[in-house]
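All remarks here apply to the structure that follows.
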Amino acid sequence: MSSHVTAPADTISPAAAPAADAVEEKWASGQATAMRRAARRAAHHERGKILLLQPVAWLATLHLTTWAADTADVHPLIRAGVGAATAVAVLGHAERRGQDLPVIPVAAGVLWVAAASLFGPYGWLALLLWIAGIVLSVPFWLSVLRRPRPAAQTVRPTPVLPTGPPREVELWATRVAPHHQAYKLTHLEQVEPVPDGYTGIVVGERGPTRFSQMTLAAAVETIASANGVHASLVAVEESDDRDASRARVTVIRSDANLQATVWLEDSGAAIDPNTGIAQVGRYFDMAPAHRQFWTKSGGAQMCVIAGDTGSGKSNHVAATLALAHRCPLIATVLLDPQSGSSQPDWSGKTHLYGEGHEETFDYLQLLDFVMTRRADFVAHRPWVDEQGRERNGKPFLLPGDPDMDGMSMLLVAVEELKLFLDGPFGKPGFELLGTGVRTWRKAGGGLLVVNQNLGLENFGNSQSFRSNLLSGGSLTALRTGSSADHNMVGLPADPSKLPERFRTKDKTHGLGYLTGVDCRPAATARMMPVRDAFGIASQPAAGQLGERTLAYIEEYHHHQARGRTPREVQAPKQRETRHTSGDVQAAVEKALLMAPMEVGAVCVAVRRNLGDDVPLAEVPAALRRLTAAGVVVQKGDVYRLTPA
């Protein structure tokens with residue numbers, strides 16, 4: 001039988017003592033950590049309530065500071081200086097933070113310190129000062145308790161960014177590249193958003209991939225099919241680096257950009273006098289579409305506007321005339337063989353206007369003569385270059401050139417060209433137009449031709465005539481009825497495939513393609529219509545024909561009235577002219593001193609006085625200047641000096 005000895009309850013073995021100490025130390029450490037966490041939570045969540053202790057802390061600080069100063073027997077002036085400096089520091093801190101100045105608390109604190117310094121911060125006086133400080137702190141505590149608790153901050157989840165390729169890149173790889181030979185070895189890069197769509201660079205393998213193949217109609221339709229849009233909402237254009245294995249593709253997801261109508265009057269569009277460029281519409285990606293009326297390197301530009309019935313062609317022609325009408329460097333000419341029905345708002349409102357086949361032909365003859373005279377003047381005009389050298393002649397007339405004697409650009413618009421060419425004056429008229437498209441540019445003449453479509457039969461079956469119109473010029477191709485000629489005029493897109501209506505069933509008036517300064521012939525654009533063409537046409541034109549051009553017109557009628565063929569009359573050689581316009585004006589006055597005369601008699605008298613080298617055009621110009629100055633009066637065809 002074994003015996004068990006039980007140790008007393010208060011007896012602890014030496015091995016168990018360290019373990020008990022460790023447990024107790026761990027418990028104490030946990031308590032301290034819990035208290036620190038509670039203090040941090042209270043400081044964070046109960047920050048407003050901690051402000052309640054601020055007056056007590058200030059009173060304790062004041063009392064302690066005063067007691068220390070009294071114990072150290074600090075001089076009263078030093079105490080006063082420290083108190084004043086502290087008050088100023090507290091007020092300055094509040095002002096820098098944009099808070100209300102605590103004038104009352106600071107004043108109370110200063111009085112508290114002054115009383116404690118005078119009577120000592122001990123006994124009943126100290127107690128009274130504490131009671132007074134606590135009473136004065138009641139308004140502060142009430143304002144703190146009334147403050148609204150700050151709203152709990154919600155933790156926003158971090159957005160998850162996509163890590164794969166853009167949707168457009170994946171769509172290209174799965175729906176475009178495998179389904180057309182031109183894109184087999186291509187991929188899409190540099191995808192960027194545009195209004196209601198995107199644009200990117202098609203990168204192909206050099207050699208097998210060719211830009212000309214990527215612009216074919218079937219290739220463009222593949223992109224349109226992959227994106228679920230109409231082919232007119234896709235443009236395949238040259239990349240910025242002109243690499244033939246690359247292309248820029250732009251896709252618009254709807255026709256909303258094109259559907260919105262922007263009126264010419266609201267757009268602020270105008271011809272820039274320095275560049276000759278004006279906005280005429282907007283591309284499908286909302287970029288502005290432009291037309292250039294002249295260039296600094298080539299002078300006046302030719303233009304073709306083609307469009308079927310209902311395409312918005314007439315309104316676009318009216319907008320072009322409106323831009324020219326408002327430009328001080330352009331004079332307009334409108335020839336309408338369709339008896340004025342093509343542009344009724346502009347009937348008789350341009351500087352020169354002819355309607356019907358016969359008048360159109362007559363004005364073409366006049367313009368042929370005037371442009372020949374202007375070209376001769378430009379080719380021999382004396383001028384001084386930037387280096388101070390005297391020179392003769394310039395390669396072309398640039399609108400606004402001060403050396404060109406105020407001659408403006410002439411914009412000659414011929415409506416319904418095919419109708420005129422099929423008429424009784426078509427053959428001789430086409431010869432004049434053929435000469436004009438080759439030579440008018442140097443004389444500052446821009447020919448604008450309007451047709452139904454781009455077929456060669458609309459241009460007199462002359463490839464050279466159509467090419468001369470478009471080379472270096474511009475083309476606006478609205479919806480046409482022919483799909484066989486767009487490639488021959490520099491259009492990769494077929495205007496006959498343009499829709500007649502938008503998805504909302506509204507007419508697509510003005511929808512088309514442009515060649516010219518923007519270099520975006522594959523991008524669909526919508527031309528800006530004119531809200532009130534008649535109102536613009538009824539206003540005085542900003543530009544004028546100019547004295548010299550008017551003189552050439554009078555010279556043409558002068559030769560015609562005398563039975564001569566104006567075209568066969570040679571222009572006087574300007575290189576041999578020795579007389580200025582002032583000399584001619586003085587000779588006109590001298591001739592009219594003898595007796596009143598008609599223009600022809602004045603010309604004879606002036607040439608008898610100055611010589612046969614005086615250009616006939618100078619005499620009518622001098623008569624107009626003298627009439628405007630009030631020196632000469634005109635009655636019928638007779639000019640006389642104003643009585644003294």
Side-chain angles (χ1 to χ4, degrees), residues 264 280-281 291 293 302-326 330-367 410-426 429-430 432-433 436-437 445-455 457-460 465-466 469 473-482 495 507-512 527-539 541:
L264 183 75
V280 295
R291 180 197 187 284
F293 289 77
M302 308 297 171
C303 180
V304 174
I305 297 176
D308 210 344
T309 303
S311 64
K313 176 184 59 181
S314 295
N315 208 315
H316 181 50
V317 175
T320 305
L321 290 173
L323 289 169
H325 189 77
R326 291 175 164 180
I330 296 181
T332 53
V333 182
L334 176 59
L335 305 179
D336 186 1
Q338 205 170 3
S339 302
S341 61
S342 297
Q343 293 293 331
D345 291 332
W346 290 93
S347 178
K349 301 293 195 300
T350 55
H351 294 88
L352 298 176
Y353 175 74
E355 63 179 46
H357 289 266
E358 186 173 358
E359 278 195 13
T360 297
F361 178 64
D362 289 342
Y363 271 104
L364 286 177
Q365 289 180 298
L366 181 145
L367 289 169
L410 292 184
L411 177 64
V412 183
V414 181
E415 273 278 6
E416 300 296 343
L417 176 64
K418 188 176 188 308
L419 179 68
F420 173 70
L421 296 181
D422 291 342
F425 302 95
F430 181 72
L432 295 174
L433 288 169
V437 78
L447 180 61
L448 188 157
V449 168
V450 185
N451 262 323
Q452 290 282 334
N453 57 63
L454 300 170
E457 67 278 2
N458 295 273
F459 299 89
F465 179 66
R466 186 175 66 178
L469 274 172
S474 62
L475 163 68
T476 303
L478 308 175
R479 192 184 69 256
T480 63
S482 172
K507 287 277 191 176
T508 59
H509 294 305
L511 197 66
M527 311 306 136
M528 294 185 296
V530 185
R531 182 188 292 111
D532 184 14
F534 182 76
I536 296 176
S538 300
Q539 297 173 358

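What you see below is based on every heavy atom in this structure, not just the backbone, and it leaves out hydrogens, waters and symmetry mates. As the structure is a prediction and not an experimental result, all values here were calculated from the model.
- Smallest separation of non-hydrogen atoms from A306 and L454: CB-CD2, 3.6 Å.
- The minimum heavy-atom distance between L469 and M302, with the atom names listed, is O-CB, 3.2 Å.
- Salt-bridge check for D345 with K349: failed, with every basic side-chain N at 4.0 Å or more from each acidic carboxylate O.
- Taking the side chain as every heavy atom from C-beta outward, F293 and T320 approach each other to under 4.5 Å.
- Taking every heavy atom of both residues into account, F361 and F420 meet most closely at N-CE1, 4.1 Å.
- The distance from atom CD of E359 to atom CG of L352, rounded to the nearest 0.5 Å, is 11.5 Å.
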Exercise for review: For the pair L448 and L411, evaluate side-chain contact (heavy atoms from CB on, under 4.5 Å) and give the outcome as yes or no after the intermediate values.
Suggested key: CA-CA 7 Å; L448 188 157; L411 177 64; 4.3 Å; yes

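- With ring centers used as reference points, Y353 lies 6.0 Å or more from Y363.
- Here NE2 of H351 is found 10.5 Å from CD1 of I330. Values are rounded to the nearest 0.5 Å.
- Of the inter-residue distances, the one linking H357 atom NE2 with D362 atom CG reads 13.0 Å to the nearest 0.5 angstrom.
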Exercise for review: Start with the C-alpha distance between E415 and K313, add both sets of side-chain angles, then the distance that settles salt bridge (charged side-chain N to carboxylate O under 4.0 Å, His left out), and finish with yes or no.
Suggested key: CA-CA 11 Å; E415 273 278 6; K313 176 184 59 181; 5.6 Å; no

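- Summarising the geometry, atom OG1 belonging to T360 is positioned 9.0 Å from atom CG belonging to L419; distances are rounded to the nearest 0.5 Å.
- F534 and S538 get closest at one heavy-atom pair: O-OG, 2.7 Å.
- Separation of atoms NE2 (H509) and OG (S311) is listed at 9.0 Å; rounding is to 0.5 Å.
- Separation of atoms CZ (F425) and CG (L364) is listed at 11.0 Å; rounding is to 0.5 Å.
- Minimum interatomic distance between W346 and I536 (heavy atoms only, all atoms of both residues): CH2-CG2, 4.3 Å.
- Without hydrogens or angle criteria, H325 side chain to Q539 main chain gives a donor-acceptor distance under 3.5 Å.
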Exercise for review: Output, in order, the C-alpha distance, side-chain angles, deciding distance and verdict of side-chain contact (heavy atoms from CB on, under 4.5 Å) for L417 and F465.
Suggested key: CA-CA 12 Å; L417 176 64; F465 179 66; 3.9 Å; yes

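- Contact of the V304 side chain with the N451 side chain is not registered, since no non-hydrogen atoms from C-beta on lie closer than 4.5 Å.
- R531 has its side chain out of reach of L264: every pair of non-hydrogen atoms, C-beta onward, lies at least 4.5 Å apart.
- For the 3.5 Å distance criterion, the side chains of N453 and D308 fail to qualify, holding no donor opposite an acceptor.
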Donor-acceptor pairs are to be reported for all side-chain atoms of residues 331-339 against protein atoms at under 3.5 Å, with residues two or more places apart or in another chain.
from, atom 1, to, atom 2, distance (Å)
D336, OD1, Q338, N, 3.0
D336, OD1, S342, OG, 3.0
D336, OD2, G340, N, 3.3
D336, OD2, S341, N, 3.3
D336, OD2, S342, N, 2.9
Q338, OE1, S342, OG, 3.1

Practice item. Go through the steps for L478 and T480 under the test side-chain contact (heavy atoms from CB on, under 4.5 Å), then give the verdict. Key: CA-CA 6 Å; L478 308 175; T480 63; 5.8 Å; no

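- Around atom CD of E358, no more than 12 heavy atoms belonging to other residues, nucleotides or ligands sit under 6.0 Å away.
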**Study point:** Verdict with reasoning, L511 to R479, per side-chain contact (heavy atoms from CB on, under 4.5 Å)
**Key:** CA-CA 7 Å; L511 197 66; R479 192 184 69 256; over 6 Å; no

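- Here the closest heavy-atom approach between residue Q452 and residue N458 is recorded as N-OD1, 4.4 Å.
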